[in-house]
Engineer: 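Here it is: the structure, laid out below.
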Amino acid sequence: MNFSGAALVKSVNATAYCRRETEFNTSSNSDDASLYYLLDEWSLYLSRTDMKMFLIPPVVCLVAGVLIIPTILSVIFSRFSIRRETRYMLLGNALLFDLIYLLFYTVSSALNAAHVPLPKEACILLLFLLAVAYCGGLFTAAAIVLDTYIAVLFPLRYIAILPPSRSKKVIVLLWVCAGAFPGIFFLVLSSTRSFVPCALEMCSVPVILILTPHGTDAVKLCFWLSTVVIFLCLALIFCCYITLYFKTKQSGIWDSICSRASVTLLMHNTVLFFYFFPLMALFVESFLCVNVVVKLRVGVWVSLTVCNVLMILPKVLFPFLYGLRYREISASLRSIVRRQHLRLVLPAPSPF
């Protein structure tokens with residue numbers, strides 16, 4: 001096909017798409033089949049133009065995560081003095097969940113951008129692993145805040161409340177909750193056959209999030225329950241931070257803006273903001289899209305931006321804002337770098 005013919009076909013397809021989108025936005029009684037077809041076509045149209053642009057942030061964050069997260073994990077699990085403390089074990093658990101999420105989400109985005117179809121079972125497994133990794137990271141972040149809360153407010157009873165043996169049980173419980181929470185929802189959706197075939201063939205997380213508020217009653221119930229649980233975790237983290245601030249306000253650690261406590265609280269709030277804001281944006285966008293307040297095109301762009309940029313950033317900021325702030329981990333990393341530098345600088349011994 002020559003260039004003019006291709007341009008004509010593209011123009012006709014764009015006109016038909018705009019007409020269908022106008023019908024969708026002006027009619028709130030559109031059936032689900034037309035909505036799924038519209039989203040499928042729009043996703044393919046977007047893939048041909050700008051989908052590869054949205055693949056850049058996950059790839060960059062994955063590369064950064066692969067460079068820093070395994071290094072911190074090796075320091076945590078190779079040093080007994082670090083490994084026996086609860087806060088470091090929780091940190092390593094959170095970093096492991098974040099690395100898994102970055103890996104599988106980048107794979108999902110790359111397959112979607114390359115138009116590689118996945119079998120239904122493979123897509124469900126990929127979505128389940130993403131849900132487990134995200135829930136595990138969120139639950140572990142809440143556990144880290146609770147650990148800090150107990151350590152600050154009950155310093156004399158901290159060892160009795162969270163000994164090293166109990167911290168391992170806490171981590172096992174986090175893994176069980178991270179697997180059970182999305183597992184129950186996936187079993188409910190599978191038993192009610194609420195999975196959308198076209199969405200599973202595309203296996204695009206942003207598009208699936210667009211479809212979820214328009215799905216069956218079981219899908220809507222799982223969506224809203226997940227939203228409530230996530231916001232409860234974020235509310236718990238926020239309340240613990242506020243309580244810690246007011247409980248320690250009289251101690252004088254907040255007098256200086258550049259104090260370690262102030263900088264640490266600012267970093268924690270930054271990560272909390274990056275966890276909270278994308279979910280709030282998705283919630284507002286889903287509500288507006290369901291009530292036909294915004295166009296479907298705007299909803300897809302918002303979903304792509306949130307999933308490929310805003311929800312990825314906390315995963316790569318977490319090791320820098322949390323891991324490298326701990327003196328023991330940063331000192332261990334500096335000693336490793338120093339030994340490697342000495343090995344490269346020292347000359348080889350003379351044979352004579």
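Note: hydrogens, waters and symmetry copies are ignored here, and every other heavy atom, side chains too, is used.
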Engineer: Using the side-chain hydrogen bond (donor to acceptor under 3.5 Å, both in side chains) rule, collect all pairs that involve residues 177-187, keeping only residues at least two apart or in two chains.
Structural biologist: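 Residue pairs with at least one partner in residues 177-187: there are none.
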
Engineer: Does L187 sit in a hydrophobic cluster with other residues, and if so which ones, taking ILVMFWY side chains as linked at heavy-atom separations under 4.5 Å, directly or through other members?
Structural biologist: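 Members other than L187 - counting any ILVMFWY side chain reachable under 4.5 Å - there are none.
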
Engineer: Are I159 and Y88 joined in one hydrophobic group, where the rule is that I, L, V, M, F, W and Y side chains link up if heavy atoms are under 4.5 Å apart?
Structural biologist: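 Same cluster: I159 reaches Y88 through Ile, Leu, Val, Met, Phe, Trp or Tyr contacts under 4.5 Å.
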
Engineer: Quick one: closest heavy-atom pair of A94 and I144, and the distance?
Structural biologist: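 Scanning both residues, the minimum pair turns out to be CB-CD1, 4.3 Å.
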
Engineer: Residues two or more places apart in sequence or in another chain: which of them pass side-chain contact (heavy atoms from CB on, under 4.5 Å) with A178?
Structural biologist: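 F97, V132.
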
Engineer: Return the minimal non-hydrogen interatomic distance between A110 and L55, and the atom names on each side.
Structural biologist: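 In terms of heavy atoms, the two residues are closest at N-CD1, 3.6 Å.
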
Engineer: Counting only pairs under 3.5 Å, give me each side-chain donor-acceptor contact of residues 228-244, with atom names and distances, residues two or more places apart or in other chains.
Structural biologist:
from: Y241; atom 1: OH; to: H268; atom 2: ND1; distance (Å): 2.5
from: Y241; atom 1: OH; to: Y322; atom 2: OH; distance (Å): 3.1
from: T243; atom 1: OG1; to: C239; atom 2: O; distance (Å): 2.8

Engineer: Group every Ile, Leu, Val, Met, Phe, Trp and Tyr by side-chain heavy-atom contacts under 4.5 Å, then state whether L91 and L146 land in the same group.
Structural biologist: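 Shared cluster, no.
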
Engineer: With P206, which residues qualify under side-chain contact (heavy atoms from CB on, under 4.5 Å), at least two apart?
Structural biologist: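 Checked P206 against side-chain contact (heavy atoms from CB on, under 4.5 Å); matches are Y105, S204, S303, L304, C307, N308.
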
Engineer: Return all side-chain donor-acceptor pairs below 3.5 angstrom for residues 59-76, not counting sequence neighbours, or 'none' if the list is empty.
Structural biologist:
from: T71; atom 1: OG1; to: L67; atom 2: O; distance (Å): 3.2
from: S74; atom 1: OG; to: P70; atom 2: O; distance (Å): 3.3
from: S74; atom 1: OG; to: T71; atom 2: O; distance (Å): 2.6

Engineer: Would you please name every residue forming a side-chain contact (heavy atoms from CB on, under 4.5 Å) with L225, sequence neighbours left out?
Structural biologist: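 For L225, the residues satisfying side-chain contact (heavy atoms from CB on, under 4.5 Å) (neighbours in sequence not counted) are F185, L221.
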
Engineer: List the atom of I100, the atom of A133, and the distance in Å for their closest heavy-atom pair.
Structural biologist: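 Closest approach of I100 to A133, heavy atoms only: CG2-CB, 4.0 Å.
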
Engineer: If you define the side chain from C-beta out and look only at heavy atoms, does anything of P57 sit under 4.5 Å from I312?
Structural biologist: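 Side-chain contact under 4.5 Å: no.
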
Engineer: Only pairs at least two apart or in different chains count here, so list each ring-ring contact (aromatic ring centres under 6.0 Å, His included) that has a residue in residues 62-81.
Structural biologist: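 Qualifying pairs: none.
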
Engineer: With salt bridge (charged side-chain N to carboxylate O under 4.0 Å, His left out) as the rule and sequence neighbours excluded, what pairs involving residues 88-101 come up?
Structural biologist: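 Every salt bridge (charged side-chain N to carboxylate O under 4.0 Å, His left out) pair that includes a residue of residues 88-101, provided the two are not neighbours, is D98-K315.
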
Engineer: Is M311 close to V306 at the side-chain level, that is, under 4.5 Å between some pair of heavy atoms?
Structural biologist: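 Yes, their side chains come closer than 4.5 Å.
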
Engineer: Can you tell me if S108 uses its side chain to pair, donor with acceptor, with the backbone of F104 under 3.5 Å?
Structural biologist: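 No, the answer is negative, given that no donor and acceptor are paired below the 3.5 Å cut-off.
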
Engineer: Are I56 and V205 joined in one hydrophobic group, where the rule is that I, L, V, M, F, W and Y side chains link up if heavy atoms are under 4.5 Å apart?
Structural biologist: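 No, it is not one cluster - the side chains of I56 and V205 are not joined through contacts under 4.5 Å.
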
Engineer: Restricting to pairs with a member in residues 129-174, which pass ring-ring contact (aromatic ring centres under 6.0 Å, His included), not counting sequence neighbours?
Structural biologist: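 Qualifying pairs: Y101-Y134.
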
Engineer: According to salt bridge (charged side-chain N to carboxylate O under 4.0 Å, His left out), does anything in residues 133-160 pair up with another residue at least two apart or in another chain? List the pairs.
Structural biologist: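 For residues 133-160, and leaving out neighbouring residues, there are no salt bridge (charged side-chain N to carboxylate O under 4.0 Å, His left out) pairs at all.
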
Engineer: Which atom pairs, one a donor and one an acceptor, fall under 3.5 Å between side chains of residues 163-177 and the rest of the protein, sequence neighbours left out?
Structural biologist:
from: R166; atom 1: NH1; to: I161; atom 2: O; distance (Å): 2.8
from: S167; atom 1: OG; to: P164; atom 2: O; distance (Å): 2.5
from: W175; atom 1: NE1; to: N93; atom 2: OD1; distance (Å): 2.7

